[in-house]
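Everything below concerns the one structure shown next.
Computed over heavy atoms, backbone and side chain alike; hydrogens, waters and symmetry mates excluded.
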Amino acid sequence: PHFALVSSMYANTNSRSEFERHKGMIEGYVFGAGFRHVSIFHPDLLDRGDLSTKRDKIVSLFRWTIHSRVVARAMAVHATKVSHEWGTGRIIGCEEMYRLARPDKMAPSRQIVKPKVEDFDIDEYEADFD
């Protein structure tokens with residue numbers, strides 16, 4: 001069996017933040033549960049489109065964001081690869097999520113410019129989720 005989990009980029013059992021500490025604890029439980037493959041997705045702040053709260057929108061001015069549809073697509077592609085033995089479970093960061101979701105487009109470089117959802121034309125994903 002393969003277990004996939006969306007966690008947090010800052011998950012850490014020793015964190016002062018209760019949220020990040022709990023995310024780290026959950027990851028530890030999942031890794032210890034005996035699954036053959038475990039994939040942990042570590043996105044930055046999730047951009048949930050119209051569902052984003054005011055707090056999310058303010059925080060997104062100072063932190064990287066990744067659209068939830070990019071994460072969902074990356075999870076689906078990665079699960080397919082693992083099920084066909086083309087890959088193994090592991091921790092997956094944002095840049096790899098972009099590559100998995102859209103292998104024909106390069107992930108944005110954090111050193112050059114903050115990634116924008118528009119760079120990946122979210123409308124192209126609509127057909128996959130309708």
Side-chain angles (χ1 to χ4, degrees):
H2 177 225
F3 190 93
L5 171 72
V6 176
S7 185
S8 170
M9 164 176 237
Y10 303 104
N12 182 340
T13 55
N14 298 319
S15 176
R16 289 178 28 204
S17 162
E18 186 175 354
F19 176 81
E20 302 302 340
R21 193 171 50 250
H22 284 161
K23 289 287 190 175
M25 289 168 49
I26 291 167
E27 287 183 14
Y29 295 144
V30 169
F31 276 122
F35 292 100
R36 183 171 176 209
H37 297 289
V38 174
S39 300
I40 308 282
F41 290 78
H42 278 181
D44 286 330
L45 179 66
L46 285 177
D47 176 354
R48 298 178 292 153
D50 294 341
L51 299 175
S52 293
T53 64
K54 286 182 182 179
R55 180 187 176 279
D56 292 342
K57 291 174 184 175
I58 292 169
V59 173
S60 72
L61 298 172
F62 306 101
R63 283 186 57 189
W64 298 89
T65 62
I66 184 169
H67 201 282
S68 56
R69 288 184 178 163
V70 173
V71 176
R73 175 125 179 166
M75 290 179 78
V77 170
H78 182 71
T80 300
K81 289 182 174 190
V82 170
S83 71
H84 290 300
E85 302 292 330
W86 299 331
T88 60
R90 62 186 185 286
I91 292 179
I92 298 167
C94 281
E95 291 181 15
E96 187 171 358
M97 283 184 238
Y98 278 112
R99 280 195 299 275
L100 286 165
R102 290 301 306 266
D104 57 323
K105 296 200 178 196
M106 193 170 98
S109 170
R110 292 174 181 236
Q111 297 171 344
I112 298 171
V113 65
K114 180 179 176 182
K116 300 279 186 204
V117 173
E118 296 80 29
D119 294 341
F120 294 89
D121 194 7
I122 290 301
D123 292 334
E124 291 181 25
Y125 295 117
E126 291 292 329
D128 295 336
F129 293 96
D130 288 340

At their closest point, which heavy atom of [X] faces which heavy atom of [Y], and how far apart are they?
X	Y	value
Ser7	Pro43	O-CD, 3.8 Å
Met75	Leu5	CE-N, 4.4 Å
Glu20	Ala11	OE1-N, 3.4 Å

Apply side chain to side chain contact (heavy atoms under 4.5 Å, CB included) to the pair Phe19 and Ser8, showing each step before the final yes or no. CA-CA 9 Å; Phe19 176 81; Ser8 170; 4.2 Å; yes
Phe3 meets the ring pair (Phe, Tyr, Trp, His ring centres under 6.0 Å) criterion, sequence neighbours left out, with Phe35
Salt bridge (charged side-chain N to carboxylate O under 4.0 Å, His left out) involving Arg21 - partner list, sequence neighbours excluded: none
Report the C-alpha separation of Ser83 and His2 in whole Å, then their side-chain angles, then the decisive distance to 0.1 Å, and conclude whether the side-chain hydrogen bond (donor to acceptor under 3.5 Å, both in side chains) test is met. CA-CA 8 Å; Ser83 71; His2 177 225; over 6 Å; no
Measuring from atom NE2 of His67 to atom CE of Met97, what distance do you get when rounded to the nearest 0.5 angstrom?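 Reported to 0.5 Å precision, the distance equals 14.0 Å.
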Distance (rounded to the nearest 0.5 Å) between Phe41 CZ and Leu100 CG: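 Between Phe41 CZ and Leu100 CG, I get 6.5 Å after rounding to 0.5 Å.
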Kindly determine whether Thr65 and Leu46 satisfy side chain to side chain contact (heavy atoms under 4.5 Å, CB included), including the steps that lead there. CA-CA 6 Å; Thr65 62; Leu46 285 177; over 6 Å; no
Check against side chain to side chain contact (heavy atoms under 4.5 Å, CB included), Glu27 and His42: CA-CA 11 Å; Glu27 287 183 14; His42 278 181; 2.7 Å; yes
So Arg90 and His78, side chain to side chain contact (heavy atoms under 4.5 Å, CB included) or not? Walk me through it. CA-CA 10 Å; Arg90 62 186 185 286; His78 182 71; 3.3 Å; yes
